[in-house]
Amino acid sequence: MQDSHARVYAAIAAIPPGRVASYGAIAARAGLPGRARLVGRLLGEVPDGMELPWFRVLRASGEIALPRGSRDFREQVRRLRAEGVEVKNGRVALSAFGLDANLDRALWGM
DNA sequence: ATCCTGACCACAA
DNA sequence: GTTGTGGCCAGGA
């Protein structure tokens, strides 16, 4: 396993229950700014058994990244709501539940 | 080596 | 809301 992969997993594992973070924010917290796609790729390869709060990772827009109506999509909504995160129309308000709502902008913007 | 794809992101129209 | 553009880069063909 690559060191970068381990750091991404650690960053995801560090999201507290009831909160969410974007792919970009996770990458940044893993010391890999600008590598949001790596996070997405890794999440697609998470083995069923692995203990990881993958459902707390959303797009920068707050949308769930999975296809609407897919089994995993519904699973993600269910698990988020189970810990108090409001999901409206496949989306979460990062301003209310996001860990670093402004981090993405700070990294790429300006 | 190249080309294409993708649980991404921001910015400008 | 919607493109489109450019950036990122691992994996597979």
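Fair warning: this is a prediction, and the values are worked out from it, not measured in the lab. A, B, ... follow the sequence lines: proteins, then strands. Residue 1 opens every chain.
Residue R59(A) places at least one side-chain N or O under 4.0 Å from the OP1 or OP2 atom of dC8(B). An OP1 or OP2 oxygen of dG11(C) is reached within less than 4.0 angstrom by no side-chain nitrogen or oxygen of R37(A).
Taking atom CD of residue Q2(A) and atom C1' of nucleotide dG11(C), one finds them 13 Å apart after rounding to whole Å. E63(A) has its CD atom 11 Å from the C1' atom of dG1(C), to the nearest Å. Rounded to whole angstrom, the span from the CG atom of L43(A) across to the P atom of dC9(B) amounts to 11 Å. Between E45(A) atom CD and dA10(C) atom P the separation is 12 Å, expressed in whole Å. We find that CD1 of I12(A) is positioned 15 Å from P of dA7(B), with the value rounded to whole Å. As rounded to whole Å, 13 Å separates atom P of dA10(C) from atom CZ of R7(A).
Comparing R91(A) and R41(A), the nucleotide of DNA chain C nearest to each residue sits closer to the 5' end for R91(A).
Side chain of A36(A), nearest nucleotide from dA10(C), dC9(B), dA7(B): dC9(B). Nearest to the side chain of H5(A), among dC8(C), dC8(B), dG11(C), sits dG11(C).
Exactly one residue among V57(A), L43(A), I26(A) makes a side-chain contact (heavy atoms from CB on, under 4.5 Å) with V8(A). That residue is I26(A).
dT5(C) and dA7(B) are spaced 22 Å apart, taking the C1' atom of each and rounding to whole Å.
The residues R71(A) and E75(A) are annotated as not salt-bridged, no charged nitrogen and carboxylate oxygen being separated by less than 4.0 angstrom. Using a 4.0 Å cut-off between charged nitrogen and carboxylate oxygen, E83(A) and R19(A) do not count as a salt-bridge pair.
Atoms OG and CG, from S22(A) and L99(A) in turn, are 9.5 Å apart once rounded to the nearest 0.5 Å.
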